[in-house]
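Below: the structure, in structure tokens.
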Amino acid sequence: MKIEEFSSDHLDVLKELMNIAMGNATASIADLLQAFGTMHIPHLTITDMDGLKSQINHTISADEKYYVTKQLFGGIIGGEFIFVMTDESAANLGHYLYDVSQPSDADIMDAVIELTNILSSTIISRLTEELNTKVQFFAPSTQIISGNHIIGQDETLNYHKIIIVSTEMEFQSHKISGYIFILARDETITRLRELIDQKLEELYA
Amino acid sequence: MIDTLDHCNIVFDSLENGTLVVDEECTVWSWNKWLEINTGIVSEEIIGKNLKEYYPELDYKGFQRKIRTTLRLATPTFYDASLSNRFITIPRNKVTTSLLTTMQLQVTISPYIPTLKRVMITINDISDLHELKMTLQHRMVEIAKLNNVLKQDKQIIDANLMIVKTDCGCLITDTTEAFCHFFGYENEKLVGRSLSSIFVANKHETEFLLMKDLLQKKQKWSGEMELHKQNGEQVWMDAVISPYLDETNEIVSYTAIYHDITDKKRIELLSVTDPLTKLYNRQKFDEVCEQMLMRKHWTSVNTFGLIIVDVDYFKKVNDTYGHQIGDAVLITMADTLTKAIRTSDILARWGGEEFVILLPDVDMEKAIHAADKYRQAIEQMNVPKVGTITASFGVAVFSYGDTQETMMHRADRGLYRAKENGRNRVESVLS
């Protein structure tokens, strides 16, 4: 099955499922962290590595420092969850979660990991639940890097066709915001299409 | 249920990582063998007690929030695995390095018995991985420092040393700023051009061929070169040209390093030049004559000649017209002889109104013939105020066993004879 066969219908279904997953994430964060935020409508694209770079460059400032957390997930569908926060947002998150005016680097790092955990598990878990499958999450890692280093040169060989789900999350009252990118490669795109087909059959049977 | 939990504890004990079970209040329900060994706390002691009693420094607000998240989302949560990891402290006994004195932990909190609000915490020792990361970071810092030094060195070299790099076909691939500045070119305009195309009019063909030969043999060549700047100015360079070979011993490129020795060459030239006539002086003539005598291949038919030339009635010219006119006669003589001799001949001012000429590869007949040609050339000169003048010539050719002194002596006798026989003549003396 060719990746190109991922039709606009498939994208529409996936977009709808992602909307549900995002809503789930917002509710979980409100419940677990007592933070009430909003998630923007996710943007879905199938592109290549250059397209990914272009989209990241369009969203993220190349020279600014960011807390970038990457977490892999695997299973029938697998990929990479990336959560990007500015220095300022990360510090505000550390301040909020640890209830200290000047959070330490360790506070900030741990707070970023914690929020990423919640975001990835709620979004991906809900999506996979809707598609009747399961995923395994791997330990995330956070780096403080400039925007132009989010995608390394060595990573360009890892993906051929990439599906990008991107959105922005905001807790305006706490001045916390971040960008979410969910990336998956060729095999997952194919399997995702198959799972969406099954879901459609289920719905219209 | 109890049996199942016991069974789980047996499994936990066999694991090569730390595994503990706690509830939302941080009460410990399981503590495996790995933890017993590495923390020194036995399970019988800690089970049923609160973790806070043993690890009061742990941030329990964050920890309990993670437990709650794990249970609520039914999915694992993780501690930050970086150096700032703040889970329990476990000492590390590595002796060979002291980079990490406590274990670097990767901590995962997974749902265990959600109904009892219990989670399982797995602790993996990733200290070796972190040590490697720290070592790598340290090396990266060192490399960055070295790169900085190299960059500074490159800037110094670029600004001060004249270097040209070419490919194996001698097409320029790069030049230093110092080279471009000295020769009056722009780097961009030189790249892709042949090195020989910018250094036209190389007068030292023999040296050029020798250089080419050595380089083709993949050897380094060094020597002096007479080159021209873009504006035509002549300069002397001390050059070293080295081929760069690849692992299969094939030439990949050449590097030429030039050093300006024009001033040194000028001083050298001054030390061997007669200031009035600009011909070689006696010292240089002695040196060249000595080299000529040392050549082994002279035979009776292939030898070299020595001619002494003396201006006739020069004292009278000086007395009549003054020394300035006398000097003008000597300068005109030098110019006339320079034009008349072969390129291989060596002409020098011996002193006063006397000149000497060395003629390689001649026999006596050819030497006399050459001397007479020079005599006629002088006879046809016209010196302002003085008019025509003449000169007398004494000729000698090398014979086996000759020294400079014996040859000079015979040529001098020939000159004396020419003077005696009426001047404006060529006379020779055989050995």
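Not measured: the values here are computed from a predicted model. By convention in this document, chain letters (A, B, ...) are assigned in the order of the sequence lines, proteins followed by strands, and residues within each chain are numbered from 1. We use all heavy atoms of the structure for the numbers below, so side chains are in, but hydrogens, waters and symmetry mates are not.
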List the steps, then state whether side-chain contact (heavy atoms from CB on, under 4.5 Å) holds for B/Phe78 with A/Glu114. CA-CA 7 Å; B/Phe78 302 88; A/Glu114 198 170 333; over 6 Å; no
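Around atom CD of B/Glu24, more than 12 heavy atoms belonging to other residues, nucleotides or ligands sit under 6.0 Å away. Taking a 6.0 Å sphere around CD of A/Gln102, one finds it holds 12 or fewer heavy atoms contributed by other residues, nucleotides or ligands. Around NZ of A/Lys199, the count of heavy atoms belonging to other residues, nucleotides or ligands within 6.0 Å exceeds 12. For B/Glu45, the CD atom sits in a packed shell: over 12 heavy atoms of surrounding residues, nucleotides or ligands are nearer than 6.0 Å. For A/Ile41, the CD1 atom sits in a loose shell: 12 or fewer heavy atoms of surrounding residues, nucleotides or ligands are nearer than 6.0 Å. Remark: A/Lys175 NZ is loosely packed, at most 12 non-hydrogen atoms of other residues, nucleotides or ligands lying under 6.0 Å away. Enclosure of atom CD in A/Gln34 by more than 12 non-hydrogen atoms of other residues, nucleotides or ligands within 6.0 angstrom is indicated. Counting heavy atoms of neighbouring residues, nucleotides and ligands inside a 6.0 Å radius, atom CD1 of B/Ile163 exceeds 12 of them.
Of the inter-residue distances, the one linking A/Asn117 atom CG with B/Thr69 atom OG1 reads 8.0 Å to the nearest 0.5 angstrom. Put simply, OG1 on B/Thr75 and NZ on A/Lys134 are 12.0 Å apart, with the number rounded to the nearest 0.5 Å. Atom CD of B/Gln106 and atom OG of A/Ser141 lie 9.5 Å apart (nearest 0.5 Å).
Using a 4.5 Å heavy-atom threshold, the side chains of B/Arg72 and A/Leu32 count as touching. Considering only heavy atoms from C-beta on, B/Tyr79 stays 4.5 Å or farther from A/Ile113 through its side chain. You'll find the side chain of A/Ser28 reaches within 4.5 Å of the side chain of B/Leu73, heavy atoms only.
A/Asp110 has a carboxylate O that lies under 4.0 Å from a charged side-chain N of B/Lys66, or vice versa, which qualifies the two as a salt bridge.
Ranked by heavy-atom pairs under 4.5 Å with chain B, the list A/Thr142, A/Thr122, A/Asp31 is led by A/Asp31.
For B/Arg65 and A/Tyr96, the positive end is not near the middle of the six-membered ring at less than 6.0 Å and at most 45° from its axis.
Contact of B/Arg68 with chain A is made through backbone and side chain together, with heavy-atom distances under 4.5 Å. Residue A/Asn24: no heavy atom, backbone or side chain, is found under 4.5 Å from chain B.
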